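Read the structure below first, then the notes.
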Amino acid sequence: VIPYFGYARQDRKAKSRDPISAKLVANMITAAGAQRVLTMDLHAAQIQGFFDLPLDHLLGAPTFVDYYMKKFPEDQYDHNEFCVVSPDVGSVARARAFAHKLDMPMAIVDKRRQKANSSEVMNIIGDVTDKHVILLDDMVDTGGSLCHAAKALVEIGHAKSVTACASHGVLSGPAVQRITDSVIDEVIFLDTIPANAAAKACPKIKYLSVSHMFAEAIDRIYHENSVSK
């Protein structure tokens with residue numbers, strides 16, 4: 001059971017001599033004798049094909065959908081005043097499905113990455129003017145992409161407010177400080193990675209538990225019931 005699959009971003013050769021470490025990790029798990037893998041929100045869906053054994057891929061989005069539906073119920077809030085935003089082109093499919101479930105419009109931040117672990121935001125595709133923005137990402141590592149995207153949405157897109165949610169809070173280096181200093185009101189993570197002391201102390205960071213989802217999946221696998229349900 002792997003709530004956060006490490007090396008998931010190394011899923012292709014971005015430049016010559018790059019290793020495809022996600023495949024190596026899959027091979028190591030298989031060689032160690034695992035017969036089945038249960039994980040959540042892989043960085044790229046094709047990693048499922050790296051395994052030569054059954055893999056169950058749980059999705060964290062329904063947990064966020066439940067959270068936002070309770071926080072912004074449709075009978076009290078006009079969902080057209082909100083906007084789900086993908087922080088990069090790679091997360092568009094995830095954001096589209098999320099926006100559809102919340103019945104909200106969608107926009108995209110087009111960013112250009114200068115070098116690994118840092119990015120430079122260029123422009124916004126879609127209208128976020130005077131809207132409450134929900135940024136959806138699969139993981140937050142150093143927090144640079146998320147905070148730059150939020151800043152662009154407020155300064156260039158004239159968004160009213162920005163909240164964010166991501167499945168995995170890697171939070172390496174200056175991530176927590178960046179979130180604290182950013183224009184983001186709230187960042188919600190799933191507890192696939194335990195919160196460090198800095199994250200626990202940050203008033204902007206909140207965690208939702210997915211332990212019940214993993215427990216249910218393990219129980220269904222054990223009793224040979226449907227996991228997709």
Side-chain angles (χ1 to χ4, degrees), residues 1-64 86-98 108-109 111 113-119 135-149 164-173 175-176 178-179 187-196 199 205 207-211 213-214 217-218 221 227-228:
V1 178
I2 314 169
Y4 168 64
F5 184 80
Y7 289 95
R9 282 181 291 182
Q10 200 67 54
D11 61 337
R12 68 194 190 284
K13 288 182 74 141
K15 58 183 187 291
S16 64
R17 294 177 184 269
D18 262 3
I20 304 179
S21 306
K23 173 62 178 164
L24 175 64
V25 173
N27 287 350
M28 288 162 77
I29 290 165
T30 307
Q35 293 166 317
R36 189 164 183 150
V37 172
L38 176 65
T39 188
M40 176 173 262
D41 279 340
L42 290 168
H43 183 64
Q46 68 263 24
I47 294 170
Q48 295 173 71
F50 290 4
F51 287 87
D52 297 326
L53 39 97
L55 182 135
D56 292 295
H57 186 216
L58 299 179
L59 302 174
T63 307
F64 292 132
S86 170
D88 53 43
V89 177
S91 303
V92 170
R94 190 184 288 111
R96 188 183 292 120
F98 188 64
I108 303 160
V109 174
K111 70 175 181 190
R113 203 173 275 279
Q114 301 299 91
K115 56 182 188 290
N117 282 28
S118 68
S119 65
L135 266 169
L136 175 75
D137 212 346
D138 66 325
M139 70 172 73
V140 175
D141 182 2
T142 59
S145 295
L146 193 75
C147 296
H148 286 150
C165 56
S167 301
H168 310 298
V170 181
L171 303 178
S172 61
V176 175
R178 278 178 178 168
I179 289 167
V187 183
I188 300 153
F189 295 119
L190 302 177
D191 60 352
T192 52
I193 299 173
N196 58 31
I205 296 174
Y207 280 84
L208 301 177
S209 177
V210 285
S211 56
M213 202 185 290
F214 276 94
I218 292 164
I221 290 165
V227 175
S228 57

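Note that this is a predicted model, so its numbers are computed, not measured.
Remark: Arg36 CZ is packed, more than 12 non-hydrogen atoms of other residues, nucleotides or ligands lying under 6.0 Å away.
Across all their heavy atoms, Val176 and Ala199 have their closest contact at CG2-N, 4.0 Å. The minimum heavy-atom distance between Leu171 and Asn196, with the atom names listed, is O-ND2, 3.9 Å. Residues Arg178 and Thr142 approach most closely at NH1-O, 3.1 Å, considering heavy atoms. Between Ile179 and Phe189 the shortest heavy-atom distance is CD1-CZ, 4.4 Å. Across every non-hydrogen atom of Val25 and Gly6, the tightest pair is CG2-O, 4.5 Å. The shortest non-hydrogen separation linking Phe214 to Pro3 is CZ-CA, 3.6 Å.
The salt bridge (Lys or Arg N to Asp or Glu O under 4.0 Å) search around Asp18 returns Lys15, not counting sequence neighbours. Scored by the side-chain hydrogen bond (donor to acceptor under 3.5 Å, both in side chains) test, Ser86 finds no partners at all (sequence neighbours excluded).
A donor-acceptor contact shorter than 3.5 Å is absent between the side chain of Gln10 and the backbone of Tyr7. Side chain of Thr192 to main chain of Ser167: a donor-acceptor pair is present (N/O by atom type, distance under 3.5 Å, no hydrogens or angles). For the pair Asp191 (side chain) and Val210 (backbone), a donor-acceptor distance under 3.5 Å is present. Without hydrogens or angle criteria, Asp88 side chain to Ser91 main chain gives a donor-acceptor distance under 3.5 Å. Side chain of His57 to main chain of Leu42: a donor-acceptor pair is present (N/O by atom type, distance under 3.5 Å, no hydrogens or angles).
Between Ile29 and Ile2, some side-chain heavy-atom pair lies under the 4.5 Å cut-off. The closest side-chain heavy-atom distance from Arg9 to Asp141 is below 4.5 Å.
To the nearest 0.5 angstrom, Leu190 atom CG is 10.0 Å from Tyr207 atom OH. Remark: Asp138 CG to Cys165 SG distance equals 11.0 Å, nearest 0.5 Å. To the nearest 0.5 Å, atoms OG1 (Thr39) and CG (Asp56) are separated by 10.0 Å. The CG atom of Asp11 lies 6.0 Å from the NE2 atom of His43; values are rounded to the nearest 0.5 Å.
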Is there a side chain to side chain contact (heavy atoms under 4.5 Å, CB included) between Gln46 and Arg12 once you walk through the steps?
CA-CA 10 Å; Gln46 68 263 24; Arg12 68 194 190 284; 5.6 Å; no
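Using a 30° and 60° split on the angle between ring planes, Phe98 and Phe64 fall in the perpendicular class, above 60°.
Salt-bridge check for Arg94 with Asp41: failed, with every basic side-chain N at 4.0 Å or more from each acidic carboxylate O.
Aromatic pair Phe50/Phe5: centroids not less than 6.0 angstrom apart.
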